[in-house]
A.B. asks: 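After the structure tokens below, expect a handful of questions from me.
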Amino acid sequence: MSKPLQPVMTAAYFAQSVISFGVALGSVALGIVFLPIDPWVRAFLAVAVLYTVTSAFGLAKCVRDRQEVVSVSSRVDQARLDKLLSEHDPYKVDAL
């Protein structure tokens, strides 16, 4: 069996993701700073945005970890199947 291709993240894709995240977070921060509201409401919105960001990172980590577990278990199953197929002799006759 051939080795499955591993997805490769390019530097450009990584940079685009980081820049996109920075622009989004910066835009929300500027929006909160310039809102014509009381400071306690502004602080509440800032904490809410920070909580959303940290929970998004946590969710992304969980999704990544689950994907790695599925990938590892499928590789183990593939190795077992390869071993069984390599040891199988279709011309072998079992003695009675």
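No hydrogens, no waters, no symmetry mates; every other heavy atom, side chains included, goes into these values.
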A.B. asks: Which of these passes side-chain contact (heavy atoms from CB on, under 4.5 Å) with L45: L35, L50, V33, V28?
C.D. replies: L35
A.B. asks: If Ile, Leu, Val, Met, Phe, Trp and Tyr residues are connected whenever their side-chain heavy atoms lie under 4.5 Å apart, and connections chain through other members, are L30 and I37 in the same group?
C.D. replies: no
A.B. asks: Any link between Y51 and F57 through a network of hydrophobic side chains (Ile, Leu, Val, Met, Phe, Trp, Tyr) touching at under 4.5 Å?
C.D. replies: no
A.B. asks: Please indicate whether R80 has more than 12 foreign heavy atoms, meaning atoms of other residues, nucleotides or ligands, lying under 6.0 Å from its CZ.
C.D. replies: no
A.B. asks: Can you tell me how far the CD1 atom of I32 sits from the OG atom of S27, to the nearest 0.5 Å?
C.D. replies: 11.0 Å
A.B. asks: Decide yes or no on side chain to side chain contact (heavy atoms under 4.5 Å, CB included) for S86 and D82, but give the supporting numbers first.
C.D. replies: CA-CA 6 Å; S86 67; D82 289 344; over 6 Å; no
A.B. asks: Just how far is it from atom CG of L59 to atom OG1 of T52, taken to the nearest 0.5 Å?
C.D. replies: 12.0 Å
A.B. asks: Tell me, with the steps shown, if F44 and V41 meet side chain to side chain contact (heavy atoms under 4.5 Å, CB included).
C.D. replies: CA-CA 5 Å; F44 175 79; V41 176; 5.5 Å; no
A.B. asks: Given salt bridge (charged side-chain N to carboxylate O under 4.0 Å, His left out), test D65 with K61 step by step and report yes or no.
C.D. replies: CA-CA 6 Å; D65 291 347; K61 183 185 177 308; 2.7 Å; yes
